[in-house]
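Throughout, residue positions are numbered sequentially from 1 according to the sequence presented.
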Amino acid sequence: VSDVPDPFEGLEVAPGDRALYPELDDVYLGWAAIAPASTLVRRQVETFLADYARGGLGGFGRWLSQRSRLKERAAAFIGAEAADLAFCQSTTAGIIAVARSIAWQKGDRVIVFEGEFPANVTPWQRVAADFELELVTLPLAPFFRSHEEGVAALRAELAEGARLVAISAVQFQSGLRMPVEAIARACHGAGAELFVDAIQALGIVPVDVGRGSDAPIDYLATGGHKWLCGLEGAGFVYVAPERVAALEPRMAGWLSHEGALDFLLAGPGHLRYDRPIRQSADFLEPGAQSHVGLAALEAGLAPLAALGPAAIHAHVQAIHDDYEAAFTERGFRSLRTAGPAGRSGILSFECPGGVDPIALQRGLREHGVVVAIPDGLVRVAPHWPNERAEVERVASALDSLR
Ligand SMILES: Cc1ncc(COP(=O)(O)O)c(C=O)c1O
């Protein structure tokens, strides 16, 4: 039951309908970087600010229930329970929170991948240095050749012993979708835990943490400002319920205790410092959060929940088909996998000889087309409000830039 009414109940949206994005750039293909704000996000943030303008403390109280509702919705997105989630500021913050909370033993091996977004490498490097762990970096190339080959290479490394594998569900640069379930099975078969950076997957590629299955994801983190259509500053981290008790409370703060708010709400005599740290994922919410960001995140999720990730994925794949044809006809090399299992919301291309990606990005921008260029690839990342009709526009922009 919410003090802030649910403005998204019965929301109806259709793939390709830009009505919620009236001011958006002509052809916006930058969802894998930063989501534009929909009218739902704007309205929800304005409502939030109006509440806080009337009274900060009153606003805080009214929006508490909105956050419980959001946690349930976010959990449903990944097949988890609300109690398994903690809100966090960003993917990075979630990764750091987990990495620093694991009860490491000196010499534990942690496997990361060459080519990953650095957010999923730096925190593991730091804990490796601080806890004297061995960091092993594997190439992603075998996964590119086939999921089976990638998993086999990982299994071979796991046979040497590993405490944890950290991987993104979708690779930020190539868009390669990883076989997360098979990776989880390989990890668990070898006694290793699995951490998943899900920011390039959630909202566009179905992800399930496999709670209760033989191949569960142990930890997952995401920001909300890409495919989940929220704003920067709010995301969430998942901890499998069977892993929580073993975590060390190194990241605990004043809000991590049992009855943390009692001294503020329950009259005199409750100010104490010896309350136990909660044994639930939300001990990773140590202090005040970006509640305005969480308000925006709920508005971002609403259309995604209404459409469902499978339908969004299918819609985007049809758009990718057309972009792939348009770019390859013009000499670009597509990095899209032959089989559908490796495909995501990201479609990336290598530029033909003589084409400078920075100049190309700028030129496209002048034609109203927004793409990203991670490490020199041209990254095309449409989402549910995009449509196939836009491809023609991009193709003629490419032609006029020759
Ligand atoms: C795979 C991946 N992880 C993490 C991030 C960013 O992390 P954060 O949410 O901490 O900015 C990105 C992109 O910005 C990404 O592509």
What are the two closest non-hydrogen atoms of [X] and [Y], and how far apart are they?
X	Y	value
P357	I373	O-CG2, 3.7 Å
T328	E324	OG1-O, 2.6 Å
Q44	A299	CB-CB, 3.9 Å
V151	A182	CG2-CB, 3.9 Å
S344	G175	OG-O, 2.7 Å
A37	L231	CB-CD2, 4.3 Å

Within the distance-only criterion (no hydrogens, no angle test), does the side chain of [X] pair as donor or acceptor with the backbone N or O of [Y] below 3.5 angstrom?
X	Y	result
R333	P352	no
S348	Q173	yes
R62	L57	no
H225	A234	no
D375	L377	no
N386	Y28	yes
S38	V41	yes
W104	A99	yes
H257	I277	no
R330	A326	yes

What residue among L202, I217, D84 forms side chain to side chain contact (heavy atoms under 4.5 Å, CB included) with I78?
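For I78, the side chain to side chain contact (heavy atoms under 4.5 Å, CB included) check succeeds only for L202.
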Quick check for you: to the nearest 0.5 Å, what is the distance between [X] atom [atom1] and [Y] atom [atom2]?
X	Y	atom1	atom2	result
Q200	M178	CD	CE	13.5 Å
R278	S256	CZ	OG	6.0 Å
E232	K226	CD	NZ	8.5 Å
S90	F236	OG	CZ	13.0 Å
I95	T222	CD1	OG1	9.5 Å
E157	T137	CD	OG1	10.0 Å

Surrounding [atom1] of [X] (heavy atoms of other residues, nucleotides or ligands, distance under 6.0 Å), is the total greater than 12?
X	atom1	answer
I358	CD1	no
Q361	CD	yes
L271	CG	yes
Q317	CD	yes
R393	CZ	yes

Salt bridge present between [X] and [Y] (N-O < 4.0 angstrom):
X	Y	value
D130	R250	no
E366	R362	no
R272	D262	no
D26	R18	no
R42	E23	yes
R67	E285	no
E160	R109	no

With heavy-atom distances below 4.5 Å as the criterion, would you say the side chains of [X] and [Y] are in contact?
X	Y	value
V98	E193	no
Q289	L255	no
V165	L154	yes
I312	W227	no
Y323	S334	no
P382	E390	no
W384	L20	yes
P216	E242	yes

Can I102 and L247 be said to form a side-chain contact (heavy atoms from CB on, under 4.5 Å), step by step?
CA-CA 5 Å; I102 290 174; L247 295 181; 4.1 Å; yes
With no hydrogens and no angle check, do the side chains of H188 and D218 hold a donor and an acceptor under 3.5 Å apart?
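D218 and H188 do have a side-chain donor-acceptor pair below 3.5 Å.
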Could you walk me through whether L304 and H383 pass the side-chain contact (heavy atoms from CB on, under 4.5 Å) check?
CA-CA 10 Å; L304 306 176; H383 204 350; 3.7 Å; yes
Could you label the plane-to-plane angle of the F117 and F172 rings as parallel, tilted or perpendicular, counting under 30° as parallel and over 60° as perpendicular?
perpendicular
When you look at T337 and H147, which way does the side-chain contact (heavy atoms from CB on, under 4.5 Å) test go after all the steps?
CA-CA 10 Å; T337 59; H147 276 171; over 6 Å; no
Does the pair W31 and Y21 meet the rule for a ring-ring contact (aromatic ring centres under 6.0 Å, His included), with working shown?
CA-CA 13 Å; W31 296 84; Y21 292 91; 5.4 Å; yes
Determine, step by step, whether I96 and M251 satisfy the side-chain contact (heavy atoms from CB on, under 4.5 Å) criterion, reporting the C-alpha distance in whole Å, the side-chain angles of both residues, the deciding distance to 0.1 Å, and the verdict.
CA-CA 9 Å; I96 291 174; M251 299 297 287; 4.2 Å; yes
For this output row, return yes or no: ring centroids of F48 and H291 closer than 6.0 angstrom.
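Here the rings of H291 and F48 have centres that are no less than 6.0 Å from each other.
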